[in-house]
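Every heavy atom of this structure was used, including side-chain atoms; hydrogens, water molecules and symmetry mates were not. One is the number of the first residue; the rest follow in order along the sequence.
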Amino acid sequence: MVQSLAVPKSVSSPSAVIVSGGKQYRVAPGDRILVDRLTAEPGSSVKLGRVLLFSDGTEVKVGNPAIDGLDVDAKVIAHPRGPRIESFRYKSKKRVRVHRGGRADLTALEIIAVGGVGVEKEEKEETEEAPKSRGRAKATPRAGRRTKSTTKAEAKAEPEVAEAETPKKRTRAKKETK
C-alpha cells in the first residue's frame, strides 16, 4: 500500500507537526522521515523541540508559534544524500550557458515518541533459536575415524556405527594433454 504524506493518518494515533531545517513535517510514532543534515551520529537520539501542532486523538493543541514543553524524540538512522539535482540556464544567440547542480545532505530519522507517547516495542521471546553463524561450520568427526588420543584397545571396545554418508559431488575430470 502506498501512502502519501498528504493523506492524514488515523485519528486515534498521536501525531505532531514539527519544524526541522525550515521545513514542516507531520509525524507519528514509527514514522521515518528525511530532514536536512543534523549534527548527530547514526544510532543516537535527537529531540526535536519546535512542535507547532499536537494531536493525541481526542484534543488538538496549537502552538503560538510553538508548544512549550513538548518534544518529539527521534533516532538517527543514517546520513544519506539526496538525488542529483541539476539546473541549466541557456539563452539562445547570447552565449549564456550556466550549469549548476548538487546533491542535498540529508539525515534519516525514525520517530520514537511524540509528546511522551511512543511506539510499543514487541518483547522478544527468550526461547528463540540461536542465530545462524555466518561462515564455515566445523566438521563433525565420522564414526570410522580415530583421533590420535584413542588407542587400539579403546577403538576395539567401541562398536562402529555406520552412518549414512551424503553422496559426494562429481567433479569434471580434466583432460590430459599429450
Side-chain angles (χ1 to χ4, degrees), residues 1-92 94-140 166:
M1 179 175 139
V2 177
Q3 185 174 5
S4 171
L5 295 175
V7 175
K9 295 176 176 56
S10 65
V11 178
S12 62
S13 70
S15 63
V17 175
I18 61 169
V19 177
S20 176
K23 300 176 187 75
Q24 297 179 4
Y25 302 92
R26 182 174 183 191
V27 295
D31 286 354
R32 293 180 177 217
I33 59 172
L34 287 172
V35 297
D36 287 338
R37 180 70 56 102
L38 300 174
T39 56
E41 294 295 321
S44 64
S45 62
V46 176
K47 287 193 181 239
L48 303 170
R50 290 190 58 196
V51 179
L52 302 179
L53 183 132
F54 175 70
S55 172
D56 61 355
T58 57
E59 66 176 283
V60 176
K61 294 181 184 177
V62 180
N64 186 15
I67 301 172
D68 294 329
L70 195 67
D71 290 332
V72 173
D73 296 326
K75 178 182 171 187
V76 177
I77 299 171
H79 292 295
R81 294 187 73 195
R84 183 176 171 179
I85 297 172
E86 295 184 27
S87 64
F88 190 73
R89 189 176 77 191
Y90 171 78
K91 292 186 179 179
S92 63
K94 303 290 187 212
R95 292 185 180 176
V96 175
R97 291 170 182 84
V98 179
H99 183 223
R100 291 191 180 122
R103 295 178 69 181
D105 293 323
L106 303 172
T107 298
L109 297 177
E110 181 177 6
I111 306 300
I112 298 171
V114 176
V117 180
V119 178
E120 297 176 9
K121 294 185 179 180
E122 299 174 8
E123 295 181 17
K124 295 183 181 179
E125 296 180 13
E126 294 178 9
T127 59
E128 290 183 11
E129 296 180 13
K132 294 182 180 179
S133 63
R134 293 188 177 207
R136 299 183 113 182
K138 291 186 177 180
T140 57
T166 58

>> Would you compute the distance between atom OG1 of Thr107 and atom CZ of Arg37 and round it to the nearest 0.5 angstrom?
In response: 5.5 Å
>> Distance check, rounded to the nearest 0.5 Å: Lys61 atom NZ versus Ser55 atom OG?
In response: 11.0 Å
>> The criterion is side-chain hydrogen bond (donor to acceptor under 3.5 Å, both in side chains); which residues satisfy it with Arg95, sequence neighbours excluded?
In response: none
>> Using every non-hydrogen atom in the two residues, find where Ala40 and His79 come nearest and quote the distance to one decimal.
In response: O-NE2, 2.6 Å
> When rounded to the nearest 0.5 angstrom, what is the spacing between CG in Leu53 and CD1 in Ile67?
Replying inline: 6.0 Å
>> So for atom CD, which belongs to Glu41, do other residues, nucleotides or ligands contribute more than 12 heavy atoms lying within a distance under 6.0 Å?
In response: no
> If you look at every heavy atom in Pro65 and Leu52, which pair is closest and at what distance?
Replying inline: O-CD2, 3.0 Å
>> Tell me the closest heavy-atom pair linking Arg32 and Ile77, and the distance in Å.
In response: NH1-CD1, 3.8 Å
>> Rounded at 0.5 Å granularity, tell me how far CG in Leu106 sits from CD1 in Ile33.
In response: 11.0 Å
>> If I take atom CG from residue Asp31 and atom OH from residue Tyr25, how far apart are they, to the nearest 0.5 angstrom?
In response: 13.0 Å
>> Could you walk me through whether Val27 and Ile18 satisfy the side chain to side chain contact (heavy atoms under 4.5 Å, CB included) test, starting with their C-alpha distance in whole Å, then the side-chain angles of each, then the deciding distance to 0.1 Å, before giving a yes or no?
In response: CA-CA 7 Å; Val27 295; Ile18 61 169; 4.2 Å; yes
> Which atom names give the shortest non-hydrogen contact between Ala108 and Pro80, and what distance separates them?
Replying inline: N-CD, 3.9 Å
> Counting distance only, does the side-chain N/O of Ser20 pair as donor-acceptor with the main-chain N or O of Val35 below 3.5 Å?
Replying inline: no
>> Quick check: closest heavy atoms across Asp36 and Gly21, and the distance to 0.1 Å?
In response: OD2-O, 3.6 Å
> For the side chain of Arg103 and the backbone of Gly82, is there at least one donor-acceptor N/O pair under 3.5 Å apart?
Replying inline: yes
> Do Phe88 and Arg97 come close enough that some side-chain heavy atom pair is under 4.5 Å?
Replying inline: yes
> Rounded to the nearest 0.5 Å, how far apart are CG of Leu70 and CG of Leu48?
Replying inline: 11.5 Å
> If every non-hydrogen atom of Ala74 is compared with every non-hydrogen atom of Ile111, which pair is closest and at what distance?
Replying inline: CB-CD1, 4.1 Å
